[in-house]
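The structure presented is a predicted model; accordingly, all values stated were derived computationally and were not measured.
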Amino acid sequence: MKTENNANVQISDDYRYESGQKNSKKQKNNGRGPVKNNGKFSAKNGQKNYRNTAKPAAKNSDKIVKIADKTAKPVKNYSKKGKKSKLKIIPLGGLEQIGMNITAFEYGESIVVVDCGLSFPEDDMLGIDLVIPDVTYLKENISKVKGFVITHGHEDHIGALPYILKEINVPIYATKLTIGLIDNKLKEHNLLRTTKRKEVRFGQVINLGEFSVEFIKTNHSIQDASALAIYSPAGIVVHTGDFKVDYTPVYGDAIDLQRFAEIGRKGVLAVMCDSTNAERPGFTMSERTVGRVFDNIFNEHKNTRIIIATFASNVDRVQQIINSAYKYGRKVAVEGRSMVNVIGTASELGYLKIPDKTLIEIDEVKNYPDDKVVLITTGSQGESMAALSRMAASIHRKITIKPGDTIIFSSNPIPGNEKAVSKVINELSMKGADVIFQDAHVSGHACQEEIKLIYSLVHPKYAIPVHGEYRHLKAHAQIVESLGISKDNIFILSSGDVLEMDDSGAQVTGKVPVGTILVDGLGVGDVGNIVLRDRQHLAEDGIIIVVMTLEHHSNVVLAGPDIVSRGFVYVRESEDLMGDAQIVVEDALDACLDRHITDWGKIKSEVKDALGDFVWKRTKRRPMILPIIMEA
């Protein structure tokens with residue numbers, strides 16, 4: 001993996017970020033980020049492991065700040081008189097939905113893009129594989145775009161990168177595991193050599209045009225998740241990314257609450273905070289609690305094969321499954337392409353500790369007794385082609401569900417997937433498996449009290465709920481209002497809104513073009529609303545094709561008309577209906593020829609209308625009718 005990392009950069013001695021010392025009140029600077037301070041510069045994040053301070057470059061000083069961008073200059077602290085523009089926050093996706101997170105921050109001639117995710121198709125998007133955001137606005141302002149800054153490695157935050165980078169090829173900044181997962185995607189799309197990826201550590205600050213962005217340690221259901229402190233001449237915006245407060249994480253350190261507090265002392269202009277669990281009171285349980293549940297389940301089911309379905313990206317969950325399997329003397333096999341890829345990357349980078357001779361190939365499972373094996377698989381959301389769904393439907397080539405198997409769903413259904421998950425559970429239960437789907441999962445998102453904690457530490461002037469459906473954003477707004485933030489300073493945005501703000505005020509001033517691009521196979525954007533409508537029409541009522549051959553000059557019927565039906569009726573059981581339909585078509589064609597109509601387009605229209613009326617009267621259906629005239 002060729003990533004640029006830890007490049008030595010000398011930071012100008014005219015600028016510093018305050019770190020909340022005794023004199024912070026004097027230097028608060030109304031949330032405008034970097035301030036002059038006697039030639040000192042620091043970028044602390046308050047954690048011992050991530051402390052990253054620097055002094056100005058001087059003759060007798062060999063200490064310099066290590067950041068991920070060689071060329072960026074530090075952000076200047078503009079005075080009020082000198083400011084000519086406001087900070088623009090432009091969500092291009094991710095609002096009023098779960099997924100497809102992407103937000104542009106614009107100041108002057110600089111744009112920084114936070115995350116670039118995809119979403120999965122709705123039920124009515126027939127044949128569609130993925131949905132990615134429309135980034136027309138970024139393409140129109142490509143000269144301003146300085147880079148993608150990624151909070152963590154989930155699909156709804158990185159999944160669209162391989163498609164967007166083909167049009168907007170700018171550097172990507174992310175933490176170690178996130179870069180590793182992005183590299184897997186770029187390799188699949190042959191973009192590894194042409195894309196700059198820059199690995200960033202927690203506490204580092206990267207300078208991108210008019211912006212400086214600091215990565216802050218958080219906890220989530222994937223490791224290396226970050227919040228961002230985005231410094232601009234207009235003020236500081238804190239973007240939490242997806243987060244929870246976990247004081248006892250499985251891997252690494254707890255969320256860096258001290259750094260949030262330090263930034264809060266500087267004066268924060270706005271907070272953009274995760275809303276996914278804003279309707280849930282209290283705190284989210286620690287990931288470690290799931291490990292205890294696994295231990296209990298393994299202990300209670302010592303004599304059965306155990307199959308566990310979870311999210312491929314939840315490395316901490318996989319680690320706890322491996323720990324329990326090792327404790328109870330079981331081998332671990334992994335099934336599902338995405339699961340294999342993530343576990344391989346996490347293990348290679350040191351985020352997953354697998355004891356020697358614990359992991360086996362899926363082909364080796366048959367060589368071990370059932371009570372000595374654990375399978376970790378994809379399919380916890382009932383996806384039709386995922387490994388567990390194929391096992392439930394008896395179409396998996398290597399694993400067959402047996403009576404007595406213990407199957408654990410270590411996840412909660414994402415809204416909209418409940419029916420698919422229920423179907424898989426029923427199919428597994430009918431095969432005699434013991435299905436466990438309670439108490440084996442905790443969320444990776446903050447509940448109400450954790451959201452309150454972040455706002456209490458940061459004390460922003462404005463609140464911008466993000467990452468959630470409208471009801472989640474609304475619940476988030478109510479939480480913020482209960483903390484004393486004015487309703488006028490809470491903005492529930494829609495994708496495409498342009499929110500302009502500085503310390504003197506904030507308002508939505510317009511909209512930019514946004515939407516969705518549909519990915520079907522190798523085609524990106526070639527399927528639109530018209531194609532989807534045709535697919536829905538075909539799915540609902542089927543198609544009737546009318547084929548006839550006419551002589552070019554005389555319009556004499558040389559063959560046909562013949563009628564072919566697909567998805568409308570079973571022809572062998574509806575011979576009377578199809579025979580009558582053929583008579584209707586012949587009559588319509590004869591009528592056209594009798595009236596000396598030579599325009600083939602008009603002939604097709606007449607045949608289509610006549611057949612459509614007949615079919616509706618006989619069946620109350622409206623299949624797609626496609627007349628085809630062949631020339632002889």
Backbone N/O of [Y] and side chain of [X]: donor-acceptor pair under 3.5 Å:
X: Ser410; Y: Ala440; result: yes
X: Glu214; Y: Gln204; result: no
X: Thr289; Y: Met285; result: no
X: Arg197; Y: Thr195; result: yes
X: Ser324; Y: Gln320; result: yes
X: His220; Y: Gly444; result: yes
X: Asp224; Y: Leu177; result: yes
X: Lys196; Y: Asn169; result: no
X: Thr218; Y: Ala225; result: yes
X: Asn219; Y: Ile255; result: yes

Stepwise side-chain contact (heavy atoms from CB on, under 4.5 Å) check, Ile132 with Thr516: CA-CA 6 Å; Ile132 62 175; Thr516 57; over 6 Å; no

Set of salt bridge (charged side-chain N to carboxylate O under 4.0 Å, His left out) partners for Glu348, sequence neighbours left out: none

Which residues share a salt bridge (charged side-chain N to carboxylate O under 4.0 Å, His left out) with Lys452, sequence neighbours left out: Glu449

Taking side chain as C-beta onward, heavy atoms only, is [X] less than 4.5 Å from [Y]?
X: Val424; Y: Val421; result: no
X: Ile89; Y: Thr103; result: yes
X: Val271; Y: Ile464; result: no
X: Ile172; Y: Leu161; result: yes
X: Ile451; Y: Cys273; result: yes

Intermediate values then yes/no, side-chain contact (heavy atoms from CB on, under 4.5 Å), Val135 and Ile102: CA-CA 9 Å; Val135 291; Ile102 178 170; 3.9 Å; yes

Show me the donor-acceptor pairs within less than 3.5 Å that the side chains of residues 356-364 make with the rest of the protein, sequence neighbours left out.
{"residue": "Thr358", "atom": "OG1", "partner": "Pro355", "partner atom": "O", "Å": "3.1"}
{"residue": "Asp363", "atom": "OD1", "partner": "Lys398", "partner atom": "NZ", "Å": "3.2"}
{"residue": "Glu364", "atom": "OE2", "partner": "Glu361", "partner atom": "N", "Å": "3.1"}

Tyr163 and His189 aromatic ring geometry - parallel, tilted or perpendicular at 30°/60° bounds: perpendicular

Ring geometry between His445 and His467 (parallel below 30°, tilted from 30 to 60°, perpendicular above 60°): tilted

Taking all non-hydrogen atoms of both residues, which atom of [X] and which atom of [Y] are closest, and how far apart?
X: Ile354; Y: Ser347; result: CD1-OG, 4.1 Å
X: Gly117; Y: Pro133; result: O-CD, 3.3 Å
X: Phe409; Y: Gly379; result: CE2-O, 4.3 Å
X: Phe215; Y: Ile150; result: CE2-O, 3.7 Å
X: Ala229; Y: Ile263; result: CB-CD1, 3.6 Å
X: Cys447; Y: Arg280; result: CB-O, 3.4 Å

Val149/Val113 under side-chain contact (heavy atoms from CB on, under 4.5 Å): CA gap, chis, key distance, verdict: CA-CA 6 Å; Val149 182; Val113 185; over 6 Å; no

Which salt bridge (Lys or Arg N to Asp or Glu O under 4.0 Å) pairs, counting each pair once, include a residue from [range], with sequence neighbours left out?
range: residues 288-300; result: Asp295-Lys327
range: residues 371-396; result: none
range: residues 302-322; result: Glu287-Arg317, Arg305-Asp405
range: residues 428-443; result: none

Partner set under ring-ring contact (aromatic ring centres under 6.0 Å, His included) for His441, not counting sequence neighbours: none

All ring-ring contact (aromatic ring centres under 6.0 Å, His included) counterparts of His239, not counting sequence neighbours: none

When you check the side-chain N and O atoms of [X] and [Y], is any donor under 3.5 Å from an acceptor?
X: Ser275; Y: His472; answer: no
X: Asp246; Y: Ser286; answer: yes
X: Asp242; Y: His154; answer: no
X: Thr284; Y: Ser443; answer: no

Sequence neighbours excluded, every pair satisfying ring-ring contact (aromatic ring centres under 6.0 Å, His included) that has a member inside residues 286-326: none

Within 6.0 angstrom of Lys166 NZ, more than 12 heavy atoms from elsewhere: yes

Step-by-step side-chain contact (heavy atoms from CB on, under 4.5 Å) determination, Ser226 to His152: CA-CA 6 Å; Ser226 310; His152 65 280; over 6 Å; no

What distance separates [X] [atom1] from [Y] [atom2], expressed to the nearest 0.5 Å?
X: Phe148; Y: Tyr173; atom1: CZ; atom2: OH; answer: 12.0 Å
X: Ile306; Y: Tyr328; atom1: CD1; atom2: OH; answer: 9.5 Å
X: Ile158; Y: Ile182; atom1: CD1; atom2: CD1; answer: 5.0 Å
X: Asn314; Y: Ser221; atom1: CG; atom2: OG; answer: 5.0 Å
X: Lys139; Y: Ile164; atom1: NZ; atom2: CD1; answer: 7.5 Å
X: Asp370; Y: Thr406; atom1: CG; atom2: OG1; answer: 10.0 Å

Salt bridge flag under 4.0 Å for residues Lys176 and Glu199: no

Residue pairs, two or more places apart or on separate chains, that pass side chain to side chain donor-acceptor pair (under 3.5 Å) and touch residues 334-345: Asn184-Thr345, Glu188-Arg337, Glu335-His396

Residue pairs involving residues 412-430 (criterion side chain to side chain donor-acceptor pair (under 3.5 Å); sequence neighbours excluded): Gln381-Asn417

Ring center gap for Tyr251 and Tyr351 short of 6.0 angstrom: yes

